[in-house]
Amino acid sequence: MTTENVYTICGMCTVRCPMVAEVENSNIRFLRGNPNASGMKTSLCARGVAGKALINDNERIRHPMIRDGQRGEGKWRKVSWEEALDYTAEKLQKVVDQYGPRGVALSDRGGPFRDFHRAFLRGLGSPNYVNHDSSCARNVQHAAKSVSGAGRKEVAYDYRNAKHVILQMRNVFEAIGVQEVNDLTDAMNEGCRLTVIDIRANVSATKADRFFMVRPGTDYAFNLAVINELLTKDLYNKDFARKYIQDLEALKSFVKDYTPQWAEKETGVPAAQISSFVHQLAKDAPAVLWHPGWMMARYDTTFYLCRSIYIINALLGSYGAKGGLPFVNKPKDAGYSGLKKFMDLFEKPKEKRADGVGWRYTHFDEGPGLAHLLYEAMETGDPYPVKSYIAFRHDPLMAYPEPDRLRQIFDNLDLLVSVTFTWCDTAWYADVVLPLSPYLERDSVLAAKNAIQPYFFMRRRAVEPRFDTKACWEIFSGLARRLGINELAYDKIEDVWNFQLQGTGVSIEDFNETGMVKLTEGPVYKDRDNLKFGTKSGKFEIISQKLEDLGMPSLKPYESAQSPPEGSFRLTFGRCAQHTQGHTVNNPVLGELVPENVLWIHTDAAEKLHIENNETVNVSNNGYTEQIKAKVTDFIHPEAVFVLHGFGHKLPVESRAYGKGLADNKFMPGALKKWDPVGGAVALQENFVKVSKVK
Amino acid sequence: MSKYYLFQDQKRCIGCMACVAACKSRQALPRGPFPSLVVAVGPRRVGNLPRTAYTFMPCFHCENPWCVAACPTGAMRPRTEDGIVTVDPDLCVGCKTCISACPWGAPQWNPETGKAVKCDYCYERVEAGLEPACVTVCPTKCLYFGTPDEIPEVRRERYARARAQDL
């Protein structure tokens, strides 16, 4: 029996690790990492491994469906792809005729494979593309732009060469990117220090050399004290500062009162520990990687926290440095033209965006906009009606707060389409479900990775679809053809790939051997003596004129974080290594490894409430109550409780996930309107819940 | 004893269960049995730091396996060529004696077949020159598979490096 190695890209989470599928007789025999990619070795995380279970799962969506009963009632009519696409295209056309193309919106979860469906939306003439990022890394992105003039992905995170890695609201050992984990463990084995700053001891903290358990909401105070200590003790990199940092004096005077002693009162971390930590950072600089964060949709001022992280990296000279945050190379830096874009086939719609980004809010990136403000526009009709919405691999009813309110907003839509490979709340509420083939069963558009060693990469299907599902390019080709967007009407993936490869000098066959085409011989670090920043001054800017012009401070004075009222706790949530939020909870393998979430609560708080470890307790907010098992521990801050996100499924089609654990996003009244006005992201950890014994 | 040895470097392990998922996936097992498992104990306070012990528990493939002695049908036996302890599903009658006999809980119950199932070091992969599934996918490379004379010197080296930093 021959085994074929198919080089492809994992799709179990948004990291998208390069992988190999070993295929025998059209069946997946084994999945492993693609060792040709730096830091992958043959590794995969549990979720990646469970891709096989996803393929074999009979509880996934097997065929296109059109809703029969009321929205959310769960009455479906099985239809052919012809009928599903005809129906969707007709409804879209009706909205376009009545409200204009701007009446159509589409959201996804970001990533490298977006070009085709974004081109579809642009071809239709709508500016209303959003991604999930306003519930994720928007604050990081906008913070990066405000200091460096470029987005967060302009720099890489060089774990492998770091001497000290700092994780703050970033949990590398649970929100796993395989390359990061391999690189960090290798670096730590050679003496790299790990510092974790968090409100609880997550898995990363159990591996750390230093762990600071800060009071929830006070990370910014901690970081201001770090900046103060670096500056007042002359521990910063003066050469780097002289050459590249603009307005250092303003920073010095701003942080002058934010001493470690001051921060001790806010954060609970002893001043002496902050000070010795900063001295260690100075010794390890510039090979210091203070991660600017992933899921930073936390507090309503997290933008300034992200900014402070970038400032610390700059003060240490680690911004742009090997072992810190070196600048990435793009294809053109390596002498290649980038992949040709389908988006460029169409003019950018002149219409202003429904979410207000670019005109009402000029300080935000227009690219992926802000989804929560799109939903607001759907509700109010301001600035204009948005009447159809395609949620592509995106489940806003799980990812955003206030799902019931969102459902009411979606009731204003004439058409709600879910393109998805698993069941999810949004699919259940949709009018049409267009089932996407899981990643092991689909080809994707080619993508480029900007990195220290940049490359093009290919997701190729390992096996034929088991059920009546399609790849994204097939689905949007089908819709494009019906709506007269003929530029996107394709029948073969090879034609899609060949379009993208025009002018690159690379051919499809070049991907056969390893699934990727590396664009440089090895890692290429940019010359630190000649760094160029994308800002107006060409330097790393402490004062952002753009923000100042809008009346927003570049350096925001710290405001003390609110402590919960007596008997209440700040509700926090996060990830584990076995799940990707809600969409893996029903996976047969992963659901068995971690079947439900539990409520972390501090030992002293539990004692006061007479709650024992493993006891089922009530969690309530604003009259809404759910039950969950308590995990009583010393390793969470007494002001907070914590749950894994993505549980509490209530769909009868998901037998394994049904009724297990608690859904945190139902405990956030008013949170759709609670967002960081400078960073743009929703503030998901500004909610307080009561915990009580079940009587 | 099997001529092979599977070593876990606990310091590198993050308890992510990729090994466990790969094991179940390779053997196509239903809900229930875990021929290998990472047992996490913690976090506990060690010095000033939170520490969790992540202990990998496959089968040890003993020199004198109690499960083999206990098996009444001869289903459980070490392979003559390499000592890997396997259970032959054609001979297993589902009596569960091996499960009772093993002090470490290595043999597991497969409710679908009504038979015992266990870690077999993925001998088919090993015969093909590959590593067991768990070792192959481990995201921190904390698992090493080889013969006992090849056990990596990671602990000694780590200790020596730490000492060198203090000098």
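We name chains A, B, ... by the order of the sequence lines, and we start the count at 1 in each one. Note that the structure is a prediction, hence the values are computed from the model and not measured.
For B:N48, the CG atom sits in a loose shell: 12 or fewer heavy atoms of surrounding residues, nucleotides or ligands are nearer than 6.0 Å. The environment of NZ in A:K163 is sparse: at most 12 heavy-atom neighbours from other residues, nucleotides or ligands sit within 6.0 Å. Annotation for A:K631: atom NZ counts as buried by contact number, over 12 foreign heavy atoms lying within 6.0 Å. For A:K660, the NZ atom counts as densely surrounded, since its 6.0 Å shell holds more than 12 non-hydrogen atoms of other residues, nucleotides or ligands. Atom CH2 of B:W66 has 12 or fewer heavy atoms from other residues, nucleotides or ligands within 6.0 Å. More than 12 heavy atoms of other shown residues, nucleotides or ligands fall within 6.0 angstrom of atom CD in B:E150.
In this structure, the side chain of A:T185 does not engage the main chain of B:R12 through any donor-acceptor pair within 3.5 Å. Side chain of A:R32 to backbone of B:V137: no donor-acceptor contact under 3.5 angstrom is found. Between the side chain of A:K52 and the backbone N or O of B:S25 there is at least one donor-acceptor pair closer than 3.5 Å. Panel note: side chain A:S43, backbone B:C138; a donor-acceptor pair is recorded below 3.5 Å.
Here the shortest heavy-atom pairing between B:A18 and A:C45 reads CB-C, 3.6 Å. Closest non-hydrogen pair, A:V203 versus B:I14, comes out as CG1-O, 3.4 Å. Annotation for B:R125 and A:F30: closest pair NH1-CD2, 3.3 Å, computed over non-hydrogen atoms. Here the shortest heavy-atom pairing between A:F211 and B:L49 reads N-CD2, 3.7 Å. Here the closest heavy-atom approach between residue B:P139 and residue A:V181 is recorded as O-CG1, 3.4 Å. In terms of heavy atoms, B:C16 sits closest to A:Q578 at O-NE2, 3.0 Å.
The greatest number of non-hydrogen atom pairs below 4.5 Å with chain B, out of A:D209, A:D183, A:L31, A:I28, is found for A:D209. When each of B:A21, B:A28, B:A22 is checked for heavy-atom pairs under 4.5 Å with chain A, B:A21 comes out on top. The residue among A:I176, A:N189, A:L593, A:T633 with the most heavy atom pairs within less than 4.5 Å of chain B is A:N189. Most heavy-atom pairs under 4.5 Å with chain B: of the set A:D634, A:T206, A:L590, A:V178, this distinction falls to A:T206. Ranked by heavy-atom pairs under 4.5 Å with chain B, the first of A:V196, A:L184, A:D186 is A:D186.
The ring pair (Phe, Tyr, Trp, His ring centres under 6.0 Å) search around B:W104 returns B:F60, not counting sequence neighbours.
Contact of A:R29 with chain B is made through the side chain alone, with heavy-atom distances under 4.5 Å. With a threshold of 4.5 angstrom between heavy atoms, A:Q273 does not approach chain B through any atom at all. With a 4.5 Å cut-off on non-hydrogen atoms, A:A205 touches chain B through its backbone and its side chain both.
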Show your working on side chain to side chain contact (heavy atoms under 4.5 Å, CB included) between B:K141 and A:N182 and close with a plain yes or no.
CA-CA 7 Å; B:K141 294 296 170 211; A:N182 259 324; 3.9 Å; yes
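Interatomic distance, CD of A:E22 versus CG of B:L130, reported as 6.5 Å (0.5 Å rounding).
Legend: salt bridge (charged side-chain N to carboxylate O under 4.0 Å, His left out) pairs involving residues 16-42 of chain B, not counting sequence neighbours, sorted by first then second residue: A:E592-B:K24, B:R26-B:D120.
Side-chain contact annotation: B:T52 with A:K207, donor-acceptor N/O pair under 3.5 Å absent.
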